[in-house]
Undergrad: 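Input: one structure, supplied below.
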Amino acid sequence: MSTPHPNIVVMKFGGTSVEDATAIQRTLSIVKTRRDQGLQPVVVVSAMAKVTDTLLAAAAAASHNDSEKALSLSFDLRRRHLDAAEELVGRRAIGALAHELHQKFDALDDLLRGVSAVGELTPRTNDLVVSFGERLSSILVAHAFEHRGLSAAHVDARTCIVTDSHFGKAAPQEAIIEARLSEHVLPLVAAGAIPVLGGFIGANAEGITTTLGRGGSDYTAALVGGGLHAGAIEIWTDVNGIMTSDPRVVPEALRVRTISFEEAAELAYFGAKVLHPATILPAVQKNIPVWVLNSRNAANEGTRITAIAPHCKSPFKSIAAKKRLTIIDIVASRMLMSHGYLKSVFEIFDRYKCPIDMVSTSEVSISVTVDSNEQVPAICAELSKIADVKFEGRKALICLVGEDIRGQNGISGRVFSAVSHINVRMISQGASEINMSFMIEEDDVDEAIRSLHRAFFQSPDESVFDVAALAEVAH
Ligand code: ADP
Ligand code: ASP
Ligand code: MG
């Protein structure tokens, strides 16, 4: 194992933390605080807020031969980046930075024109288009740091984050990443500079640009933290930490002070957007603590994610919802669950690389839930060769996460009486000790979450939840 670097702190700033010059200034002050504490920051940034969505829209427009729309979206982004640059470094010092930004936008425009000309957008080209978001923001942030006297060094993440060629959701190759980080990032840290990398993007072995999937900058931070054997990973976002529920749905949601890796991973997988689901793994493997913090309220202590959860008197830590699911009912008409039947059913999902979120079985039928995707009809067509099949979209899973749920008597009674006014389609068999989930209609999600929150966070355990913050809001 290579040497640990307990002094290195990997700090990831999400889209809202770099959305404009004001946000970037806040980010800069947060990084400076860490450096002044004697730590060695390595910074990972997302694209400025909404830029990834705009780039995707531009790529889609180009693929429909609408170059006018694609180029106009790109022009808006160019203006936004240059405005932020000017505000950050001033008109007199902007020369080199403006030149670099214009070069990137010229390349983006060429690419969009190319896509418009052929009217075809491959996953590979789509990744190249969206990669501009993080490539631009990281250059901007590195220049802003330099301008304020923080010695920064821009690192093109694609030199370090080596992945396979699964465009759109590439799998990182951790051993190679570790070697590349030692080669490209450690010497900068040793020289006292603050490396700034774009999150989300990588490259395959041939150097072709890939991306890690939506929300992937968290994953980059964990890969960088893991690869450098850092002392801590900080995910800076726009809420006070991991909350008892999405605060956009439940405004009175409480901050969870400490949560286990396992609980956080379960929440992320089941839809809590605050963390990318794969983020936890590299950190767990090296036992690096992860913090979720608020860049708009840096004084708040955030949520600490650690190997072992502290004892909690409340049954649940948080409630998440995973939307856009499809339920597939498979009724074994001909083979009546004969030997090998289940295997042939699951082999079909496997062949389409389609993960299953939940399964429930009865004597003759199996119901599974999967992410709604364009392959569902093809999967169902194959399944119907061995069974009667029905599928229905617009479903959601509600997932309650907490340590040792199964050890608590009467817990499911309390859950289902809280949502007795909502139609529950399917209940998980309880394979996991820390998650309880059930399926409902997508339209009922907000109501279900609010009812559950009212039922379970009425008198929360003050050692685990930040109850004081709620009292402040009430005043
Ligand atoms: P970033 O751009 O910083 O990566 P995201 O938008 O990806 O930020 O994630 C932060 C958002 O996650 C919050 O604004 C919040 O609405 C949402 N969210 C969903 N579930 C939770 C939760 N349990 N705790 C905190 N935030 C949550
Ligand atoms: N910019 C990317 C996205 O919006 C990655 C990230 O922000 O984490 O999905
Ligand atoms: Mg995110």
Side-chain angles (χ1 to χ4, degrees), residues 11-19 23 26-27 30 44-57 77 126-127 129-138 157 161 168-170 197-202 210-223 234-257 259 263-279 291-297 300 302-303 305 316-323 398-402 445-446 449 452-453 457 465-466 469:
M11 309 177 74
K12 177 260 170 174
F13 293 89
T16 45
S17 307
V18 293
E19 66 188 349
R26 271 196 305 262
T27 288
I30 294 168
V44 173
V45 291
S46 288
M48 294 167 94
K50 305 268 183 333
V51 167
T52 306
D53 290 339
T54 307
L55 288 167
L56 285 170
L77 292 180
N126 198 52
D127 269 3
V129 173
V130 285
S131 74
F132 278 90
E134 272 69 10
R135 286 157 65 194
L136 289 156
S137 64
S138 53
I161 306 299
K169 204 172 188 168
L197 296 86
F200 178 56
I201 59 175
T210 57
T211 64
L212 303 176
R214 293 306 304 268
S217 297
D218 298 340
Y219 196 9
T220 305
L223 291 164
E234 297 180 346
I235 306 291
W236 289 88
T237 182
D238 62 352
V239 283
N240 278 344
I242 295 184
M243 315 289 284
T244 48
S245 198
D246 186 342
R248 285 181 212 190
V249 179
V250 183
E252 66 277 18
L254 301 164
R255 174 172 60 92
V256 185
R257 294 176 198 276
I259 196 164
E263 290 170 321
E266 204 84 349
L267 275 177
Y269 181 77
F270 283 98
K273 191 188 169 205
V274 65
L275 270 190
H276 181 282
T279 303
W291 292 85
V292 178
L293 296 149
N294 190 351
S295 67
R296 294 176 179 168
N297 181 13
N300 193 281
T303 298
I305 312 175
F316 299 117
K317 296 269 171 53
S318 188
I319 309 166
K322 190 168 189 185
K323 294 189 185 172
I398 299 286
C399 169
L400 298 113
V401 168
V445 162
D446 290 0
I449 290 188
L452 288 163
H453 201 274
F457 295 101
F465 303 101
D466 182 9

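Here the structure is a predicted model, which is why all the values come from computation and not from measurement. Order of listing sets the numbers, starting from 1, for every ligand and every atom in it.
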Undergrad: Provide, to 0.1 Å, the distance between atom 6 (C) of ligand 2 and the closest protein heavy atom, together with that atom's residue and name.
TA: S217 OG, 3.3 Å
Undergrad: How far is atom 3 (C) of ligand 2 from its nearest protein heavy atom, and which residue and atom is that?
TA: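 The answer is R214 NE, 3.4 Å.
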Undergrad: Is the shortest distance from a heavy atom of G216 to ligand 2 less than 4.0 Å?
TA: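 Checking ligand 2 against G216, which is what was asked, there is a heavy-atom contact under 4.0 Å.
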Undergrad: Under 4.0 Å, heavy-atom basis, I'd like to know which part of K273 is in contact with ligand 1: side chain, backbone, both or neither.
TA: both
Undergrad: Tell me, which protein residue and heavy-atom name are nearest atom 3 (O) of ligand 1, and how many Å apart are they?
TA: T237 OG1, 2.7 Å
Undergrad: Between L267 and A320, what is the shortest heavy-atom contact and its length?
TA: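 Minimum heavy-atom contact is CD2-CB, 3.8 Å.
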Undergrad: List ligand 1 atoms under 4.0 Å from K12, heavy atoms only on the residue side.
TA: 4 (O)
Undergrad: For F200 and ligand 2, does the shortest N/O to N/O distance drop below 3.5 Å?
TA: no
Undergrad: Do any heavy atoms of S318 fall under 4.0 Å from ligand 1?
TA: yes
Undergrad: Roughly how far, to the nearest 0.5 Å, is the CZ atom of F13 from the OG atom of S295?
TA: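 One gets 7.0 Å once the value is rounded to the nearest 0.5 Å.
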Undergrad: How far does OG1 of T244 sit from CG of L452, to the nearest 0.5 angstrom?
TA: 11.5 Å
Undergrad: Looking at G15, which atoms of ligand 1 are within less than 4.0 Å of one of its heavy atoms?
TA: 2 (O)
Undergrad: What atoms in ligand 2 come closer than 4.0 Å to a heavy atom of E134?
TA: 1 (N), 2 (C), 5 (C)
Undergrad: Using only heavy-atom distances, determine whether the side chains of N240 and N297 contain a donor-acceptor pair under 3.5 Å.
TA: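 Short answer, yes.
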Undergrad: Check this for me, if you would: do K273 and D246 make a salt bridge, where the nitrogen-to-carboxylate-oxygen distance has to be below 4.0 angstrom?
TA: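 Answer for the salt bridge query: no.
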Undergrad: At what distance is the nearest protein heavy atom to atom 26 (N) of ligand 1, and which residue and atom is it?
TA: V274 CB, 3.5 Å
Undergrad: I'd like to know if the side chain of D127 pairs up with that of T210 as donor and acceptor (distance under 3.5 Å, no hydrogens or angles considered).
TA: no
Undergrad: Would you check whether G14 reaches within less than 4.0 Å of ligand 2, judged by its heavy atoms?
TA: no
Undergrad: Is R214 salt-bridged to D53, going by a charged N under 4.0 Å from an acidic O?
TA: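 Judged by the 4.0 Å cut-off on N to carboxylate O distance, R214 and D53 do form a salt bridge.
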Undergrad: Hey, does the side chain of T303 reach the backbone of V292 with a donor-acceptor pair shorter than 3.5 angstrom?
TA: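 Not at all, since once roles are kept as given, no pair shorter than 3.5 Å links the two residues.
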Undergrad: Atom 15 (C) of ligand 1: which of T16, V250, D246 has the nearest heavy atom?
TA: D246
Undergrad: Which of the atoms in ligand 1, numbered in the order shown and given with their element, are less than 4.0 Å from a heavy-atom of G241?
TA: 24 (N), 25 (C)
Undergrad: Starting from atom 7 (O) of ligand 2, find the nearest protein heavy-atom neighbour and note its residue, name and distance.
TA: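 Ranked first by proximity to atom 7 (O) of ligand 2 is S46 OG, 3.0 Å.
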Undergrad: For ligand 1, is there an atom lying under 4.0 Å from some heavy atom of H276?
TA: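 Not so, H276 does not reach ligand 1.
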Undergrad: Is the shortest heavy-atom distance from the side chain of L293 to the side chain of T237 under 4.5 Å?
TA: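 No, their side chains stay 4.5 Å or more apart.
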Undergrad: Short list, please: which atoms of ligand 2 are under 4.0 Å from a heavy atom of T52?
TA: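 Here the atoms of ligand 2 in question are 1 (N), 2 (C), 3 (C), 4 (O).
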Undergrad: Taking only Lys NZ, Arg NE, NH1 and NH2, and the carboxylate oxygens of Asp or Glu, determine whether R296 and E19 approach each other closer than 4.0 Å.
TA: yes
Undergrad: Within the 4.0 Å heavy-atom shell around I242, which atoms of ligand 1 are there?
TA: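 Near I242, meaning under 4.0 Å from one of its heavy atoms, ligand 1 has 24 (N).
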Undergrad: Contact between V249 and V445 at the side-chain level, heavy atoms closer than 4.5 Å - yes or no?
TA: no
Undergrad: Hey, does K12 come in under 3.5 Å of ligand 2, counting only N/O atoms on both sides?
TA: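 Not met; the criterion fails.
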Undergrad: Of all the atoms in ligand 1, which lie at a distance below 4.0 Å from a heavy atom belonging to A272?
TA: 20 (N)
